[in-house]
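Proteins get letters first, then strands, A, B, ... in listed order; numbering begins at 1 in each.
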Number of protein chains: 2
Amino acid sequence: MTENDKQTEEKIFESATDVFMAKGMDGARMQDIADHAGINKSLLHYYYRTKDHLFNAVFEKIAGQMFKKFAPVFDENLTLEEKIRFFYREHITFLQNNPRLPAFLLNELHRNPARIKKLIQGIDINKIWSTLEAQHKDDLIKYNITRETIPQLMTSIAAMSVFPFLAKPIIGSLMEKMGYDFDEYIEERKKYAADFVIKAMKK
Amino acid sequence: MTENDKQTEEKIFESATDVFMAKGMDGARMQDIADHAGINKSLLHYYYRTKDHLFNAVFEKIAGQMFKKFAPVFDENLTLEEKIRFFYREHITFLQNNPRLPAFLLNELHRNPARIKKLIQGIDINKIWSTLEAQHKDDLIKYNITRETIPQLMTSIAAMSVFPFLAKPIIGSLMEKMGYDFDEYIEERKKYAADFVIKAMKK
DNA sequence: TATACTTTTGACCAATTGGTTAAACTTTAT
DNA sequence: ATAAAGTTTAACCAATTGGTCAAAAGTATA
């Protein structure tokens, strides 16, 4: 039945996502995924031929999500500062709901570098630069942003939101030990990161 | 012979470090390590009883290195700004020589959270705070650094130097595609990160 | 109801892999 | 030189694991 079909196939996909996210490709076990979904292991092979296929399906979806979140910033009609604030609000909220996503993605890209090309084919820094120039010509001068410094700036912006999630094993434990609350820290970071970057950009 | 002994044991340790760093505990194979060292697989068990023991030995050494590098900053008799510049020069140079270290460490801590307690037992933010207060009382006021904001500031500082190495699979490929040079970018980051943070800290 | 088709299951298989063992080889000590 | 001790190796073992298969169960169609 198509109804039950979708249910099973979807259940498998969701369980696979959970297990692969938590354990990675190498650490994940097909039996784990089956148990997690409450079904027989053979069903995994019935719907997704192999572990590689299943992992592939999960990775493709996950990878897509990550970068879709960056584009809308440029669609909004906002000042550069407002765009930065907008970005951190959206991006950190997304990471709050998908805290393991960056680590999962980077681990897999390290394990299988062949994926990278396909993943970044949609990203064109020159295009981003053109868009920025068109939308914020004076801000680029005001903030001294050039083609040479844009990698430094963009990685710094990404670092501010992504790093806390990548380093959560350490940061989270350290904060717990010291009486801070990680979730609160993340919530506050939406504003802190924006303020930090905006101040840093000023000449 | 003790001479040859050390050679073999050390060769195993170095090969294990390389393979574990590259593949992680789950992805690493004992046979790989043996091949890498050019010896029989049984020797791994002769010197280090099990894979876990061997991994443990590697992890302990690696983990120790990472945090030893943070302490010397406070020993130097420098202004706060000079300390930040000193830190990034030292820390990024260290990471240039050990680019996989942060990813390795964080992956293992995620896989085995029990390690974390032991690892961070030496770190005491309150102690760091006291040291900062003693050395830079006026700077803390000048830069509006308080017990509440110190996690935000410290994670931001760490993010600036560590993130490029964690995200190297993406950043490196993206830069290659766009005609930037990753190593050059890292070298420049020693100064950029310091400038960035110092500007960001100002009220 | 009978038949064809799809879905699910448990038993099973072959390959991989961490680990063991006994024998061969080296080195050291007497 | 010879025995004792340490080192190295190849062959082997047992457990894990991704994957297969045929039968059973369920569903749609006639």
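If you take NZ of A:K23 and C1' of D:dT17, they are 14 Å apart, rounded to a whole angstrom. In this structure, A:D32 places its CG atom 13 Å from P of D:dT16, rounding to the nearest Å. Rounded to an integer number of Å, the gap from B:F55 CZ to C:dG18 C1' is 16 Å. In this structure, the OH atom of B:Y46 is 14 Å from the C1' atom of C:dA24, given to the nearest Å. Atom OH in A:Y48 sits about 17 Å away from atom P in D:dG18, given to the nearest Å. Remark: C1' of D:dG18 and NE2 of A:H53 are 14 Å apart, rounded to the nearest angstrom. What separates NE2 of B:H45 from P of C:dA22 is a distance of 17 Å, to the nearest Å. Nucleotide D:dT9 holds its P atom 12 Å from the CG atom of B:D35, rounded to whole Å.
The existence of a salt bridge linking B:K41 and B:D35 is excluded, since no basic side-chain nitrogen approaches an acidic carboxylate oxygen closer than 4.0 Å. Residues A:E108 and A:R111 are paired through a salt bridge, judged by an N-O separation under 4.0 Å between the basic side chain and the carboxylate. A salt bridge is defined here as a Lys NZ or Arg NE, NH1 or NH2 lying under 4.0 Å from an Asp or Glu carboxylate O, and B:D195 with B:K199 fails to meet this definition. Between A:E187 and A:K190 there is a salt bridge, since at least one side-chain N of the basic residue sits less than 4.0 Å from a carboxylate O of the acidic one.
Residues B:Y185 and A:T155 have side chains that bring a donor and an acceptor to within less than 3.5 angstrom of each other. In this structure, a donor-acceptor pair under 3.5 Å is absent between the side chains of B:Y180 and A:Q152.
Look at A:R29 and you won't find any side-chain N or O under 4.0 angstrom from OP1 or OP2 of D:dT16. Put simply, B:T8 has a side-chain N or O that comes within less than 4.0 Å of OP1 or OP2 on D:dT8. Between B:R49 and C:dG19 there is no side-chain polar atom (N or O) within less than 4.0 angstrom of OP1 or OP2.
Across all strands shown, A:A34 has no heavy atoms under 4.0 Å from either base or sugar-phosphate atoms.
Aromatic ring orientation, B:F59 versus B:F55: parallel (interplanar angle below 30°, classes split at 30° and 60°).
A heavy atom lying under 4.0 Å from DNA chain D marks the following residues of residues 36-44 of chain A, by number: A:K41, A:S42.
Here the side chain of B:Y47 is nearest to one of C:dT20, D:dT7, D:dG19, namely D:dT7. The nucleotide whose nearest atom lies closest to any side-chain atom of B:K51 is, among C:dG18, C:dT6, D:dG18, C:dG18. Picking from C:dG19, C:dT8, D:dG6 the nucleotide with the shortest atom distance to the side chain of B:M30 gives C:dG19.
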